[in-house]
K.L.:
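Got a structure for you, questions after.
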Number of protein chains: 2
Amino acid sequence: MARTGRPRGFDRDEAVTQAMHLFWEHGFEGVSLEQLRRSMGDISSASFYAAFGSKEALYRTALNSYLATHGTVMSALRDQRLTPRQRIEQALRRSAEMQTDPTHPTGCMVALSSIIGSEGGASVQALTSAEREANRKAILACVDAAIADGTLRRETNPAGLATLFEGLLVGLSIQARDGVPTKDLDAGVTQALNAWDANILRS
Amino acid sequence: MARTGRPRGFDRDEAVTQAMHLFWEHGFEGVSLEQLRRSMGDISSASFYAAFGSKEALYRTALNSYLATHGTVMSALRDQRLTPRQRIEQALRRSAEMQTDPTHPTGCMVALSSIIGSEGGASVQALTSAEREANRKAILACVDAAIADGTLRRETNPAGLATLFEGLLVGLSIQARDGVPTKDLDAGVTQALNAWDANILRS
DNA sequence: TGACTTCTGGATCAGATAATCCAGAATTAG
DNA sequence: CTAATTCTGGATTATCTGATCCAGAAGTCA
């Protein structure tokens with residue numbers, strides 16, 4: 001059943017997408033309310049707050065929208081149909097490609113949009129740091145699984161391998177922003193996998 | 001010969017160090033003039049502008065101060081007394097240690113303090129992106145040198161190895177911010193070097 | 001029709017922002 | 001001493017910040 005009352009004069013989903021692009025490009029604190037409202041078709045301040053509540057609430061919504069769309073390149077990391085090595089490889093290669101797609105801002109919104117900020121920005125920064133921690137744990141789980149199933153040697157340093165892959169993962173964002181082309185990022189992933197293979201148990 | 005006129009009421013070098021720490025921690029746009037002046041002993045606005053010219057000019061000065069102090073961990077990258085592999089290893093291990101030193105903000109100021117920002121912040125962002133590009137080129141030069149001297153195979157993809165090492169380098173900053181301990185970062189460097197060794201020419 | 005609900009236009013808010021101005025204080029040079 | 005130079009305290013600027021308020025418009029429901 002349709003809601004009662006005057007209908008909204010703009011498309012809320014489209015507006016969230018616009019906000020996502022702005023936050024992705026400039027970061028949470030780098031985007032102003034005026035910019036956001038303008039990107040939504042010059043809607044009024046009242047319309048903005050009626051629809052989204054606050055700038056921070058919109059950022060949460062936009063971040064969730066990112067995770068549900070472009071962010072899904074990371075889902076390979078939990079795909080149990082793949083081997084642990086394939087999970088990491090897919091997550092990295094898909095990230096490298098997505099992050100250099102010219103149809104949207106470069107890099108990853110989780111890695112870039114709120115790493116740093118002013119003194120009172122802890123609650124916003126916590127949103128993305130929680131995502132990064134989840135990724136770090138998922139990568140570590142891949143390494144642990146490969147040690148458990150005998151693919152990697154028991155002497156393998158799991159935290160070291162996880163640091164390497166997650167470090168490269170977030171590093172891709174900065175490199176993408178700096179204009180490093182897709183093929184170089186992908187070649188970096190290929191080289192990183194050599195580190196995995198160096199820990200393979202040989203019989 | 002001492003300068004004429006009324007002497008400055010505060011220590012300019014100390015003030016620059018304070019500014020460096022603030023910009024390092026919160027980024028260029030995340031620090032306000034009031035915060036800066038307060039950290040310098042509540043100096044007046046007039047004193048601030050007489051001494052530094054503008055917020056952006058102070059940021060340039062603070063960034064140079066960073067490069068001349070903590071930033072010197074990267075000098076190993078150009079140390080011709082070391083082998084190409086040692087240059088990369090030293091730069092990475094020293095960065096990992098410096099970036100987690102609890103006596104100052106975590107991560108690297110070049111990687112964090114102005115990757116993103118509002119629409120008009122291009123000139124500030126260019127300062128750190130130029131530094132990162134220089135590092136990327138220096139890493140690539142190490143790889144090229146090792147191929148030229150026969151250490152690495154001719155088929156080695158130089159851009160791929162450079163992406164891996166520079167990706168990890170800047171990735172360390174985000175991981176350090178996220179609280180990853182020094183020993184894990186260092187173990188990540190150890191693993192990354194396996195990728196180098198996988199490209200060694202065996203006779 | 002009329003009651004009810006929801007959204008909008010436009011003015012407005014208090015506080016923060018980077019930056020400037022000026023009179024006077026503190027120093028050196030001659 | 002006087003003149004020249006440089007810095008400081010304090011007020012002040014214009015602009016931007018995120019957010020709120022209210023009257024009225026535009027719908028649904030009975």
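Labels below follow one simple rule: chain letters A, B, ... track the order of the sequence lines, proteins then strands, and each chain is numbered from 1.
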K.L.:
Looking only at the side chain of B/Arg8 (C-beta and beyond, no hydrogens), which of the listed nucleotides D/dT8, C/dT8, C/dC4 gets closest?
P.N.:
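Closest nucleotide among those given: D/dT8.
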K.L.:
Using a 4.0 Å heavy-atom cut-off, does A/Phe10 contact any base of the nucleic acid, only the sugar-phosphate backbone, or nothing at all?
P.N.:
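The residue A/Phe10 makes sugar-phosphate contact but no base contact.
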K.L.:
So does A/Arg93 pair up with A/Glu97, basic N to acidic O under 4.0 Å?
P.N.:
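Looking at A/Arg93 and A/Glu97, the cut-off is not met.
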K.L.:
One thing to verify: whether B/Asp178 and A/Arg132 come together as a salt bridge, which I'm taking to mean a side-chain N less than 4.0 angstrom from a carboxylate O.
P.N.:
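Answer for the salt bridge query: yes.
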K.L.:
Which part of the nucleic acid, if any, lies within reach of B/Ser44 when heavy atoms closer than 4.0 Å are counted: base, sugar-phosphate only, or nothing?
P.N.:
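Since a base atom lies under 4.0 Å of B/Ser44, the category is base.
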K.L.:
Would you tell me if any nitrogen or oxygen in the side chain of A/Tyr49 comes within less than 4.0 Å of OP1 or OP2 on D/dA19?
P.N.:
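Yes, within the criterion.
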K.L.:
Does the side chain of A/Ser47 get closer than 4.0 angstrom to OP1 or OP2 of C/dC7 through an N or O atom?
P.N.:
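Indeed not, no polar side-chain atom of A/Ser47 lies that close.
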K.L.:
Which pair of non-hydrogen atoms, one from B/Asp144 and one from B/Pro158, has the smallest distance, and what is that distance?
P.N.:
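Taking every non-hydrogen atom into account, OD1-CB, 3.6 Å.
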K.L.:
Between atom CG in B/Leu36 and atom C1' in C/dT17, what is the gap in whole Å?
P.N.:
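Checked: the CG to C1' distance equals 12 Å.
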K.L.:
Considering heavy-atom distances to DNA chain C, does B/Gly53 or A/Gly5 have its closest nucleotide positioned more toward the 5' end?
P.N.:
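Nearest-nucleotide comparison on DNA chain C picks A/Gly5.
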K.L.:
For B/Phe28 and B/Pro7, find the nucleotide of DNA chain C closest to each by heavy atoms; which residue's nucleotide sits nearer the 5' end?
P.N.:
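Looking at the nearest nucleotide for each, B/Phe28 comes out on the 5' side.
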K.L.:
Phosphate oxygens OP1/OP2 of C/dT8: is one of them under 4.0 Å from a side-chain N or O of A/Arg6?
P.N.:
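For C/dT8, OP1/OP2 do not have a side-chain N/O of A/Arg6 under 4.0 Å.
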K.L.:
Does any N or O in the side chain of A/Thr61 come within less than 3.5 Å of the main-chain N or O of A/Ala57, such that one atom is a donor and the other an acceptor?
P.N.:
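Pair found, side chain donor or acceptor close to backbone of A/Ala57.
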